[in-house]
Structures are given as structure tokens and as C-alpha cells.
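Notes for the one structure printed next.
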Amino acid sequence: MRQLRTILVLCTALIGLSTLTACGFTPIYGKSANSESVRSTLAQIDIALIPDRDGQMLRNLLIDRFYTHGYPSNPRYRLQASGIDERRNDLDRTKTADATRRQIRLRVFFDLIDTETGESVMRRNVTAVSSYNILESQFATRVSERDAHDNAVQDLAEQIERHLALYFKE
């Protein structure tokens with residue numbers, strides 16, 4: 001009985017695996033010829049300056065993600081991004097109308113430009129949301145706020161990379 005159950009589980013796994021590969025699923029960054037072309041194309045993007053401190057942080061995160069072998073000598077594309085728009089909302093209120101939780105919403109618009117033609121090939125808005133508790137200790141609240149803010153900027157960088165990788169995937 002136990003052997004029959006083991007055989008049944010193995011057959012189900014093999015059928016599931018063959019169904020997954022038959023659907024056309026291929027990983028973006030996996031071991032394949034296309035993933036190397038995506039990585040090499042991302043390395044050929046010139047990342048323009050982004051205004052403000054948050055923009056510098058976002059640009060540095062993108063540089064770390066794209067330029068694995070150094071800055072491109074003759075970039076094929078240019079990535080331009082607007083300044084990061086930040087909005088804050090108080091979420092939870094006490095009976096005395098004090099906020100106990102705050103949400104940070106960061107939004108950036110980016111434009112991918114083909115340097116050969118000078119035309120925009122991709123435009124997107126990307127939004128990241130993070131939140132933190134407002135505590136009695138001002139220091140602890142400030143640390144939580146900075147951490148939530150940095151996580152949101154990190155999320156923006158991941159989303160931009162994902163959008164570009166999907167665009168360049170063949």
C-alpha cells in the first residue's frame with residue numbers, strides 16, 4: 001500500500017512538472033540563453049540622475065542591480081525617472097485622535113529611451129507602499145519611519161527592474 005502511494009505521488013509530480021513546462025513558463029533570470037540576453041541588455045542601460053536624496057538612493061540601487069561588470073561604455077538605452085513623489089497617510093486613530101500607524105506611498109514615473117532613435121520605448125508609473133507604527137518613543141518612531149521609507153525605495157527599484165526585464169524578455 002505504501003509503495004502504491006509513493007508511485008502515485010511520483011506520477012502526480014511528473015505530470016505536474018510536464019504541465020508546467022508545457023505552458024511556456026520560463027524563468028527570467030534562470031539558466032537559459034534568454035536570461036543572459038536580459039542581463040546583458042539591462043547592463044546596456046544608462047541610468048540618468050534622479051532628483052533628491054531618495055532619487056540618488058533609487059539610482060544607486062538600480063546601478064547595483066544592472067551594472068554587474070561596470071558602467072556601459074556605449075549604452076543602448078537611457079532610463080530617465082522623475083523625482084519620487086511621497087505621500088503620507090495616518091491609518092489608525094485613537095479616541096483622542098492621535099495616529100498610531102502611518103503609511104508611506106512612494107511613486108515614480110520612468111521612461112526608457114532608445115538612444116539610437118531617441119524615442120521612448122517604455123513608460124511606466126511605479127508605486128510602493130510601506131507603513132510603520134507611531135510609538136511613544138520619538139527615536140523608535142523615527143527609526144521605524146526611515147526603515148519603512150528605505151524599504152519602499154528598495155521596492156521601487158525591484159519593480160523597475162522587473163518591468164524592464166519583462167520588456168526585454170524575448
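No hydrogens, no waters, no symmetry mates; every other heavy atom, side chains included, goes into these values.
For Gln44 against Asn74, the heavy-atom pair with the smallest separation is OE1-O, 3.3 Å. Between Ile50 and Ser82, the shortest heavy-atom distance links the atoms CG2-O, 3.5 Å. Residues Ala81 and Val108 share a closest heavy-atom pair of CB-CG2, 4.0 Å. Closest approach of Ala157 to Leu62, counting heavy atoms only: O-CD2, 3.7 Å. For Thr141 against Ile134, the heavy-atom pair with the smallest separation is OG1-C, 3.9 Å.
Atom CZ of Arg59 is surrounded by more than 12 heavy atoms from other residues, nucleotides or ligands within 6.0 Å. The neighbour count for Arg87 CZ, taken as heavy atoms of other residues, nucleotides or ligands under 6.0 Å away, does not exceed 12.
Among residues two or more places apart in sequence or in another chain, the salt bridge (Lys or Arg N to Asp or Glu O under 4.0 Å) test is passed with Asp114 by Arg76.
Not one N or O on the side chain of Ser130 forms a donor-acceptor pair closer than 3.5 Å with the backbone of His149. Within the 3.5 Å criterion, the main-chain N or O of Pro75 finds a donor-acceptor partner in the side chain of Thr115.
Here the OG atom belonging to Ser131 is positioned 8.5 Å from the CD1 atom belonging to Ile104, to the nearest 0.5 angstrom. To the nearest 0.5 Å, atoms NE2 (His163) and CZ (Arg123) are separated by 15.5 Å. Considering CZ of Arg105 and OG1 of Thr127, their distance stands at 7.0 Å, rounded to 0.5 Å. Interatomic distance, CG of Leu156 versus CG of Asn151, reported as 11.0 Å (0.5 Å rounding). Note: Asp150 CG to Met57 CE = 3.5 Å, rounded to the nearest 0.5 Å. Rounding to the nearest 0.5 Å places CD1 of Ile113 at 13.0 Å from CE of Met122.
Leu91 and Val129 are members of different hydrophobic clusters when ILVMFWY side chains are connected at heavy-atom separations under 4.5 Å. Residue Val143 is not grouped with residue Leu135 when hydrophobic side chains (ILVMFWY) are merged at heavy-atom distances under 4.5 angstrom, including chains of intermediate members.
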Expected list for residues 65-72: side-chain donor-acceptor pairs under 3.5 angstrom, two or more places apart:
unit_1 : atom_1 : unit_2 : atom_2 : d
Arg65  : NH1    : Glu161 : OE1    : 2.5
Arg65  : NH2    : Glu158 : OE2    : 3.4
Tyr67  : OH     : Ile45  : O      : 2.4
Tyr67  : OH     : Ile47  : N      : 3.3
Tyr71  : OH     : Asp46  : OD1    : 2.5

Check against side chain to side chain contact (heavy atoms under 4.5 Å, CB included), Leu164 and Leu42: CA-CA 8 Å; Leu164 294 173; Leu42 288 176; 3.8 Å; yes
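Screening residues 104-135 for ring pair (Phe, Tyr, Trp, His ring centres under 6.0 Å), with sequence neighbours left out, gives no hits.
Put simply, the side chain of Val153 reaches to within 4.5 Å of the side chain of Leu106, judged on heavy atoms.
Checked against a 6.0 Å centroid threshold, the rings of Phe168 and Tyr77 count as neighbours.
A side-chain N or O of Gln159 and one of Asp155 form a donor-acceptor pair less than 3.5 Å apart.
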